[in-house]
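Heads up, the thing below is written out as structure tokens.
Sequential numbering from 1 along the given sequence is applied to the chain's residues. Note that the structure is a prediction, hence the values are computed from the model and not measured.
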Amino acid sequence: MAIIRLYGDITDWYNNAADLTKRLQVVDSKADHIDMHIHSYGGSVIEGTAIFNAILNNPIPVYCYVDGIAASMAGIVIMAASKVYMSENAYIMLHAPAGGCDGRGTAEDHLKIAETLKKMQTNFVKAVVSRTGQSEQTVTDWLKSETWFTAEEALNAGLIDGIVDRVAEGVKVFPKAEISLMGEQSVYSLYSAYLTEKTTKNQNFMNKKELIDRFGLTGVTENSTDAEIYAAIDAKLQAEREARTEAENALNSYLEAEIKAVLDSVKDKITAEQRTQFEAIGKKVGMEALRAAISPYRQKVTFSAMIDAAAGHGGQPQKSWDDYQNENPLVLDRMRKDDPEQFKALYKAKYGVEPNI
């Protein structure tokens, strides 16, 4: 069993689907289920729907516990769980999705929004019907206005599977009329005042050994804190990004050397302006296009000769297979594609047979 928490409003920058999905994924794969404690007054329908789907499709069963309030979108999110439990003094509140043009927009704009809201409401109804077994008409009636449920009422309605002990000890069970007047955010704040820092902190239990092995992390152990594990992962990813950048820079350097060698082979036949134009072709379009562009100006020059010229080996004995292998194996790979005859000659000189290319 593992524990995660979804406390606060559901937004596109915090307590969003990406955040919740990440916390679900780092849970130990050997856990038989995940306990997800919820205390939320709702929020974004889009993010909430994505969270709903993440819980519904999670490979490890998710059991939701309503610690204080699951209102609005949060009330729909819990419908995706395999099991739902409520603290005896907690509340669920359901209503239809709401939104608009904030006083702006044409009649057509408002009609489009109305159609979208109807589709969202249809999804809400399906989610609640699926969990409760209630009729679509009953659930639709619940959504017509704010409908509050105590733990007992939620159990009788089929919204939850059981009632558990209080988490917020100091909160009494208020009459529903009073709760309705208070509103979901005030009720949320009331519970938050009684919940301890330990229970309000979003937590996740990760399989640290699996993460260390998967990412090849160094400097951390299974006893390291979550923050240290995340920092080690970030450092690993940064090192890989830097290595990739270094490799790309090295390849660009060899490309520039190749361009220079090709253009140097016809330097007496082209103007400075033409050379600039040809350099741009080599960098933007590639060496094949560059060679085609300068072919009228040049005699045949081998790839290895261009590389030797770029490296300052003009007039000296041609380099061997081992020379290229030791200095830069990438050149051999490029030679295999761009100058296969020279590649075959070097390969045969090294191994005594011709390569199969």
Exercise. Distance-only, no hydrogens or angles: does the Ser265 side chain make a donor-acceptor pair with backbone N or O of Val262 under 3.5 Å?
Worked result: yes
For this session: Check the surroundings of atom CD in Glu152: do more than 12 heavy atoms from other residues, nucleotides or ligands lie under 6.0 Å from it?
Result: no
Exercise. Does any N or O in the side chain of Lys269 come within less than 3.5 Å of the main-chain N or O of Tyr297, such that one atom is a donor and the other an acceptor?
Worked result: yes
Problem set entry | Donor-acceptor under 3.5 Å (Asp264 side chain, Ala261 main chain) | no
Exercise. Step by step, would you call Tyr7 with Asp67 a side-chain hydrogen bond (donor to acceptor under 3.5 Å, both in side chains)?
Worked result: CA-CA 9 Å; Tyr7 276 25; Asp67 290 345; 2.4 Å; yes
For this session: Taking all non-hydrogen atoms of both residues into account, name the closest pair between Thr49 and Met73 and its distance.
Result: N-CE, 3.6 Å
Problem set entry | Asn249, CG: over 12 other non-hydrogen atoms inside 6.0 angstrom | yes
Problem set entry | side-chain contact (heavy atoms from CB on, under 4.5 Å) evaluation trace for Thr11 with Ser44 | CA-CA 5 Å; Thr11 71; Ser44 167; 5.8 Å; no
Exercise. Any donor-acceptor pair under 3.5 Å linking the side chain of Glu115 with the backbone of Lys112?
Worked result: no
Problem set entry | Donor-acceptor side-chain pairing of Asp35 and His37 below 3.5 angstrom | no
For this session: Step by step, work out the side-chain contact (heavy atoms from CB on, under 4.5 Å) result for Met120 and Ile46.
Result: CA-CA 9 Å; Met120 290 177 175; Ile46 302 300; 4.0 Å; yes
Seminar exercise, completed: Smallest heavy-atom separation, Thr221 atom then Ile212 atom, equals C-CD1, 3.5 Å
Exercise. If every non-hydrogen atom of Ile78 is compared with every non-hydrogen atom of Ala70, which pair is closest and at what distance?
Worked result: CD1-CB, 4.2 Å
For this session: Mind listing the closest non-hydrogen atom pair of Ala151 and Ser87 along with its distance?
Result: CB-O, 3.6 Å
Problem set entry | Test log, rule salt bridge (charged side-chain N to carboxylate O under 4.0 Å, His left out), inputs Lys284 and Glu279 | CA-CA 9 Å; Lys284 295 180 180 179; Glu279 284 177 348; over 6 Å; no
Problem set entry | Heavy-atom check, side chain of Ile38 versus side chain of Arg5, under 4.5 Å | no
Exercise. Between Ser186 (side chain) and Met182 (backbone), is there a donor-acceptor pair under 3.5 Å?
Worked result: yes
Problem set entry | Side-chain heavy-atom pair Lys344, Glu341 within 4.5 angstrom cut-off | yes
Exercise. Quick check: does any side chain N or O of Asn57 sit under 3.5 Å from a backbone N or O of Asn53, one acting as donor and the other as acceptor?
Worked result: yes
For this session: Just do the side-chain hydrogen bond (donor to acceptor under 3.5 Å, both in side chains) check on His95 and Ser145 with the steps written out, would you?
Result: CA-CA 6 Å; His95 66 72; Ser145 59; over 6 Å; no
For this session: Would you confirm whether Ser40, through its side chain, and Gly8, through its main-chain N or O, come within 3.5 Å as a donor-acceptor pair?
Result: yes
Exercise. Given the rule in the side-chain contact (heavy atoms from CB on, under 4.5 Å) test, do Leu94 and Phe149 qualify, once you have shown the distances and angles that lead to the verdict?
Worked result: CA-CA 8 Å; Leu94 301 176; Phe149 297 86; 4.0 Å; yes
Exercise. Distance only, no hydrogens: is a donor on one side chain within 3.5 Å (strictly under) of an acceptor on the other, for Glu184 and Tyr91?
Worked result: no
Exercise. Rounded to the nearest 0.5 Å, how far does CG of Leu290 lie from CG of Leu263?
Worked result: 5.5 Å
For this session: May I ask whether Leu56 and Ile34 are part of the same hydrophobic cluster, defined by side-chain heavy atoms of I, L, V, M, F, W, Y residues being less than 4.5 angstrom apart, directly or through others?
Result: yes
For this session: Any chance you could measure Leu155, atom CG, to Asp161, atom CG, to the nearest 0.5 Å?
Result: 8.5 Å
Exercise. Looking at side-chain heavy atoms only, is the closest gap between Leu20 and Ile4 below 4.5 Å?
Worked result: yes
Seminar exercise, completed: Shortest non-hydrogen pair, Leu117 vs Ala98, comes out as CD2-C, 3.9 Å
Exercise. For the side chain of Glu228 and the backbone of Thr225, is there at least one donor-acceptor N/O pair under 3.5 Å apart?
Worked result: yes
For this session: Give the cluster check for Leu181 versus Ile92: same hydrophobic cluster or not, with ILVMFWY residues linked at side-chain heavy-atom distances below 4.5 Å.
Result: no
For this session: Measure the shortest side-chain to side-chain distance between Arg131 and Val84 over non-hydrogen atoms and say whether it is less than 4.5 angstrom.
Result: yes
Problem set entry | Point-to-point distance, once rounded to the nearest 0.5 Å, from CD1 of Ile76 to CD1 of Ile10 | 10.5 Å
Exercise. Can Thr122 and Lys126 be said to form a side-chain contact (heavy atoms from CB on, under 4.5 Å), step by step?
Worked result: CA-CA 6 Å; Thr122 298; Lys126 288 180 179 179; 3.9 Å; yes
Problem set entry | Pairwise side-chain contact, Arg241 with Leu237, heavy-atom cut-off 4.5 Å (strictly under) | yes
Problem set entry | Test item: side-chain donor near acceptor, Ser192 and His39, under 3.5 Å | yes
Exercise. Nearest 0.5 Å, what's the CG-CG distance between Leu346 and Asp339?
Worked result: 9.0 Å
Show me the donor-acceptor pairs within less than 3.5 Å that the side chains of residues 133-143 make with the rest of the protein, sequence neighbours left out.
unit_1 : atom_1 : unit_2 : atom_2 : d
Gln134 : NE2    : Ala157 : O      : 3.1
Ser135 : OG     : Thr138 : N      : 3.1
Ser135 : OG     : Thr138 : OG1    : 2.8
Gln137 : NE2    : Asp141 : OD1    : 2.9
Thr140 : OG1    : Glu136 : O      : 2.7
Asp141 : OD1    : Lys144 : NZ     : 3.2

Exercise. Any chance CD of Glu273 has more than 12 other-residue heavy atoms, nucleotides or ligands included, within less than 6.0 Å?
Worked result: no
Exercise. So how far is it from Glu246 CD to Glu242 CD, rounded to the nearest 0.5 Å?
Worked result: 9.0 Å
Seminar exercise, completed: d(Lys119 NZ, Asn123 CG) to nearest 0.5 Å is 10.0 Å
For this session: Decide yes or no for Val171 and Leu190: does some side-chain heavy atom of the first lie under 4.5 Å from some side-chain heavy atom of the second?
Result: yes
Exercise. Between the side chain of Glu354 and the main-chain N/O of Lys348, is any donor-acceptor distance below 3.5 Å?
Worked result: no
Exercise. Between Asp9 and Tyr188, is any side-chain donor less than 3.5 angstrom from a side-chain acceptor?
Worked result: no
Exercise. Side chains of Lys236 and Leu217: does their closest heavy-atom pair fall under 4.5 Å?
Worked result: yes
For this session: Considering non-hydrogen atoms only, spot the tightest contact between Tyr347 and Pro355 and give its length.
Result: CD2-CD, 3.4 Å
Exercise. Going by heavy atoms in the side chains, are His33 and Val27 under 4.5 Å from each other?
Worked result: no
Problem set entry | Single-linkage hydrophobic cluster, 4.5 Å side-chain cutoff, Tyr41 and Tyr65 together | no
Exercise. Got a donor-acceptor contact below 3.5 angstrom from the Asn252 side chain to the Glu248 backbone?
Worked result: yes
For this session: Give the cluster check for Tyr63 versus Val77: same hydrophobic cluster or not, with ILVMFWY residues linked at side-chain heavy-atom distances below 4.5 Å.
Result: no
Exercise. Hey, do the aromatic rings of Trp148 and Phe174 have their centres closer than 6.0 Å?
Worked result: no
Exercise. Cluster question for you: counting only ILVMFWY and a side-chain heavy-atom cut-off of under 4.5 Å, with indirect links fine, are Val66 and Val62 together?
Worked result: yes
